Protein chains: 2
Amino acid sequence: MNDGDFRHIPQFTVLRFARYLNFLMNLPDVVSEISSSEMAGIIGIKPTQLRQDFFTLGGFGRQGKKYNVQFLISRLREVLAVTEEQRMILIGAGHLGQALANYAGFERFGLSLRGVFDVNPRLVGLKIRDIPIMDLDSMGAFIQRNEIIIGIICTPHDYAQTTCDLLTDHGIKAIWNFSSEHVLAPDDVVVQNENLSVGILNLSYRLNNEL
Amino acid sequence: MNDGDFRHIPQFTVLRFARYLNFLMNLPDVVSEISSSEMAGIIGIKPTQLRQDFFTLGGFGRQGKKYNVQFLISRLREVLAVTEEQRMILIGAGHLGQALANYAGFERFGLSLRGVFDVNPRLVGLKIRDIPIMDLDSMGAFIQRNEIIIGIICTPHDYAQTTCDLLTDHGIKAIWNFSSEHVLAPDDVVVQNENLSVGILNLSYRLNNEL
DNA sequence: TCAAACTTGTTTATTTTATGACAAGCGATG
DNA sequence: CATCGCTTGTCATAAAATAAACAAGTTTGA
């Protein structure tokens, strides 16, 4: 119902888009359409917020009719830019690093983990799901040869910023940081800090204040 | 400088409190005081936001003087309710579950993981850092005997809601959910959904739109 | 002692996000 | 065909979060 298709998408709407996409992709195949209130109820938000979110994408859906699940999925993949393959590497093959490398759930978004790097010589040479663990010194060449654009940091916190610098020096454009240290990067690099302690501390606060 | 000490704390301020606390606890011992601009610069926010956040806690700090690191830490621990031990269990000993169980980083907040549960008989009986992996059937009794208040869900997404229900049925008051399914719980239970895909999808969006 | 360069506390304004209200459209039922 | 109950699109308003501005205090050094 609108023309330009270019409306500003609020920051928080993007986060919800990710949740919507996840939810829709987990849905059984037999579900071909869904209403805003059904979906919002399960996700735990208000239907009007969901419709407002979709409104920023321009008019799809028609009044009186539910949303088509497959169309929603493809539209959201488009917006979130996960229609084509994006290659990743991971640095730090500790417990969390290994767990993420073993997790195959990102592949359905076209996110492909190509290599794991560590400084521990006892880990170098091993494989995780056919993904080789390599020495950190070989990272630069690997990034260029394999057109890697996303780096995942799973090092101890005191190596996080150094690792981040190393990644950006070698041309990485997106960093997903799981260490407990907030890392900073140049303006042309996107950083997503995912400090797990924040989640549990927030839970602790809410446990003692909301109830 | 204020009296009642009771001001509303915005939701997002709480999340930043968690980041502040993390940052301060990672600091070397020799750093005994810090200014809002130093701290904000490293964390990647504006100094005025940091001061505004602390303002909600009532007046501490004095004009002209930097913040005392130890005082900040203890005040933040107080607000986030991590001054005393809180006991946790974890359900689902897959890769991510094992990684979290191996991660000792939460203990410094008094968060103590007491048991891991799984349905896989090949895992039951093993230990992770002295934490026993037990059969899911024994969970209810374990919760009551050990005064567990936090449950961590690391199951596949199609078992997440069932696990959540099981936990709440046995009196768990806080749930930290790492599955890709958003789980819902009764009003007297706090849920923190930590779907990892949201982070990477947000990163993908920003990579393709902010740059 | 005085001034300059810092610091934080607090209020006010701006921006961003969430909610509410309602028109408009579809589909089934009688 | 008319109506009732459902649906989404859209705009206006309310609420929340962020940023700016500045007063007021401390420290340092000339």
Side-chain angles (χ1 to χ4, degrees), chain A residues 1-20 24 31-69 71-72 75-76 198 202 205-206 209-210, chain B residues 1-20 24 31-69 71-72 75-76 198 202 205-206 209-210:
Chain A
M1 305 298 169
N2 88 333
D3 26 39
D5 211 53
F6 274 119
R7 211 176 283 263
H8 171 70
I9 301 180
Q11 187 186 146
F12 292 93
T13 295
V14 175
L15 293 176
R16 281 189 298 272
F17 280 162
R19 286 168 57 189
Y20 301 156
L24 292 165
V31 182
S32 64
E33 52 182 26
I34 193 166
S35 72
S36 61
S37 54
E38 287 167 333
M39 193 164 156
I42 300 174
I43 292 189
I45 62 170
K46 306 212 167 154
T48 131
Q49 183 166 54
L50 188 145
R51 293 207 300 278
Q52 178 73 291
D53 285 343
F54 285 163
F55 180 55
T56 65
L57 296 184
F60 56 70
R62 294 221 308 281
Q63 284 132 326
K65 302 199 67 170
K66 299 186 178 185
Y67 294 110
N68 178 290
V69 172
F71 180 81
L72 277 188
R75 191 76 182 87
L76 287 172
V198 172
N202 189 38
Y205 173 84
R206 293 170 55 205
N209 289 277
E210 285 183 9
Chain B
M1 306 303 168
N2 87 333
D3 26 40
D5 212 52
F6 275 117
R7 213 176 282 263
H8 172 71
I9 301 179
Q11 187 185 146
F12 291 93
T13 294
V14 175
L15 293 177
R16 280 190 299 273
F17 280 162
R19 285 168 57 190
Y20 302 155
L24 293 165
V31 182
S32 64
E33 51 182 28
I34 193 166
S35 73
S36 61
S37 53
E38 288 167 333
M39 192 164 156
I42 300 175
I43 293 190
I45 62 170
K46 307 212 165 153
T48 130
Q49 183 165 56
L50 188 144
R51 291 207 301 279
Q52 179 73 288
D53 285 344
F54 286 163
F55 180 55
T56 66
L57 296 185
F60 55 69
R62 294 220 309 280
Q63 285 133 327
K65 302 198 67 170
K66 299 185 178 186
Y67 294 110
N68 178 289
V69 172
F71 181 81
L72 276 189
R75 190 76 182 87
L76 287 172
V198 172
N202 189 37
Y205 174 85
R206 293 170 55 204
N209 289 277
E210 284 182 11

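Note that the coordinates shown come from a computational prediction; the quantities given were computed from them, not determined experimentally. As a basis for the values below, the full set of heavy atoms in this structure was taken, side chains included, without hydrogen atoms, waters or symmetry mates.
Both K65(B) and K65(A) sit near DNA chain D, but only K65(A) has its closest nucleotide nearer the 5' end. Each of F12(A) and R51(A) lies near DNA chain D, and the nucleotide nearest R51(A) is the one positioned closer to the 5' end.
The nucleotide whose nearest atom lies closest to any side-chain atom of F55(A) is, among dC26(C), dT10(D), dT19(C), dT10(D). Taking only side-chain atoms of Q63(B), from C-beta outward, the nucleotide of dA20(D), dT10(D), dT8(C) with the closest atom is dT8(C).
Contact annotation for S36(B): backbone-only contact, meaning every heavy-atom pair under 4.0 Å involves sugar-phosphate atoms and none involves a base. Nucleic acid contact for F54(A): none, since no nucleic acid atom lies under 4.0 Å from a heavy atom of the residue. Residue S35(A) is classed as a sugar-phosphate contact, given heavy-atom separations below 4.0 Å to backbone atoms only.
For the pair M39(A) CE and dC6(D) P, the interatomic distance rounds to 21 Å; values are reported in whole Å. The separation between Y67(B) atom OH and dT7(C) atom C1' is 9 Å, rounded to whole Å. Computed from coordinates, the R16(B) CZ to dT18(D) P distance equals 4 Å when rounded to whole Å. As rounded to whole Å, 11 Å separates atom P of dA21(C) from atom NZ of K46(A). When the P atom of dT8(C) is taken as reference, atom CZ of F71(B) falls 14 Å away, rounded to whole Å.
Base pairing in DNA chain C yields stems of at least 3 consecutive Watson-Crick or G-U pairs, both distances under 3.5 Å, namely C:1-30 with D:1-30.
One can find a donor-acceptor pair under 3.5 Å joining the base of dT19(C) and the side-chain atoms of Q52(A).
Classification of the F54(B)-Y67(B) ring pair by plane angle, with boundaries at 30° and 60°, yields perpendicular.
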